[in-house]
There are 2 protein chains.
Amino acid sequence: MLALTKKTDYALVALAYLARRGRSVTSSREIAAGSGVPCAMLTNILKCLTHAGLVTSERGSRGGYALAVEPGDITLHCLMTAIEGPSHVVRCMIPGQSDAGSACLLEKSCPVREPAKNVYNRLRKFLEGISLAELGVRVSQPVVTRVDSDQSPASLVGI
Amino acid sequence: MLALTKKTDYALVALAYLARRGRSVTSSREIAAGSGVPCAMLTNILKCLTHAGLVTSERGSRGGYALAVEPGDITLHCLMTAIEGPSHVVRCMIPGQSDAGSACLLEKSCPVREPAKNVYNRLRKFLEGISLAELGVRVSQPVVTRVDSDQSPASLVGI
DNA sequence: TTGATACTGCACCGATTTAGTACTATATAG
DNA sequence: CTATATAGTACTAAATCGGTGCAGTATCAA
């Protein structure tokens with residue numbers, strides 16, 4: 001499969017909503033309502049995005065999330081790594097597992113391994129070349145460092 | 001995940017072995033022994049490859065498989081489709097399921113869907129641009145239409 | 001004609017991964 | 001102090017993947 005997992009897909013939609021909210025801090029609840037992503041799922045996703053530094057979080061009442069970087073500066077590869085962990089093309093190349101005991105029978109004599117590594121690098125570059133901006137994630141309002149007012153929470157995605 | 005499944009990985013290794021055997025008809029048993037792919041698994045994989053027209057099969061004693069096309073003419077996308085079925089980037093774009101009742105809540109208002117389709121097309125083109133030849137699958141002997149002798153079955157992959 | 005070989009098609013099960021939920025702890029505003 | 005909202009983690013259920021097995025059919029050779 002080369003598909004995005006449902007989680008990554010959700011993350012994309014959530015980020016798209018966040019972008020539309022400018023950079024005002026938005027609670028997970030509102031993001032869920034506005035983007036259509038199930039709330040329980042979303043909170044976990046936002047935790048991943050926070051860890052990866054793609055969004056910033058603020059605790060407490062009036063807390064929430066906001067985009068940490070411009071959509072044009074987040075790559076698809078970056079998002080996938082944030083949600084799904086380190087990527088790989090063939091299993092024997094999973095980071096930190098290459099010389100594990102469970103390695104494939106072919107080991108060093110495998111004729112595919114080296115070329116596959118090359119393909120993986122090209123694929124990674126490809127994914128690094130796709131920004132979220134290209135995926136429809138656009139900041140709709142003039143970017144403000146911090147907004148406290150509720151503004152129009154109007155669900156632009158319209159559930 | 002953007003990884004190949006283990007099956008696709010196996011298919012690659014099996015095709016690499018087949019290519020090294022020129023175009024002589026080779027039994028699944030020998031391919032298994034020579035490539036290191038578990039035999040039971042391999043037979044299923046070879047069925048897929050046959051359906052997809054990547055290899056030809058011959059039944060009966062003395063039967064077996066042979067490459068149907070040049071490694072340079074088989075693309076990674078083609079192989080993945082043969083083993084894993086039709087690909088997609090986001091679930092709502094799975095072929096023939098786009099308007100199913102189980103569609104995502106966002107439906108037509110989803111801001112990600114259209115751009116994702118675009119990315120999918122680019123990704124597909126990328127995968128279509130990678131031939132098995134680039135993945136280390138090389139025909140090692142002058143291509144012969146049919147060889148009956150056993151030749152040197154020497155495991156070139158060396159288990 | 002019979003037997004051995006080898007692919008075909010399908011069905012099955014266990015293991016892993018993904019999807020989704022829940023609960024406790026901690027931080028902040030009022 | 002209380003309400004709100006994130007942080008962290010653990011857990012269950014569903015889907016997919018990995019792997020095996022078997023009955024059926026075709027081919028070759030004795």
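Values below: all heavy atoms of this structure, side chains included; hydrogens, waters and symmetry mates excluded. Protein chains get the first letters and strands the later ones, always in sequence-line order, with residue 1 at the start of each.
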- Item | Spacing between A:M41 atom CE and D:dA13 atom P, to the nearest angstrom | 16 Å

- Message: From CG of A:L42 over to C1' of C:dA19, roughly how many Å is that when rounded to an integer?
- Response: 14 Å

- Message: Rounding to an integer number of Å, can you tell me how far A:E84 CD sits from C:dA19 C1'?
- Response: 13 Å

- Item | side chain to side chain contact (heavy atoms under 4.5 Å, CB included) partners of B:T8, counting only residues at least two apart | B:L4, B:T5, B:L79, B:M80, B:I83, B:E84

- Between C:dG20 atom P and A:I45 atom CD1, what is the distance in whole Å? 9 Å

- Who are the side chain to side chain donor-acceptor pair (under 3.5 Å) partners of B:S28, not counting sequence neighbours? none

- Message: Can you build the contact string for nucleotides 3-15 of chain C? Use B for base contact, S for sugar-phosphate-only contact, and - for no protein heavy atom under 4.0 Å.
- Response: --BSSBBB-----

- Note on the structure: By side chain to side chain contact (heavy atoms under 4.5 Å, CB included), B:R138 pairs with (sequence neighbours left out) none

- Between C:dA19 and A:Y10, is there an OP1 or OP2 to side-chain N/O distance shorter than 4.0 Å? no

- Message: Check this for me: B:R122, atom CZ, are more than 12 non-hydrogen atoms of other residues, nucleotides or ligands nearer than 6.0 Å?
- Response: yes

- Message: So, OP1 or OP2 of D:dG19: does either fall under 4.0 Å of a side-chain N or O from B:K6?
- Response: yes

- Message: For A:K47, give me all partners under side chain to side chain contact (heavy atoms under 4.5 Å, CB included), at least two apart in sequence or on another chain.
- Response: A:T43, A:N44

- Report the residues that fulfil side chain to side chain contact (heavy atoms under 4.5 Å, CB included) with A:A40, sequence neighbours left out, ordered by chain and then residue number. none

- Round to the nearest Å and state the distance from A:L18 atom CG to D:dT6 atom C1'. 14 Å

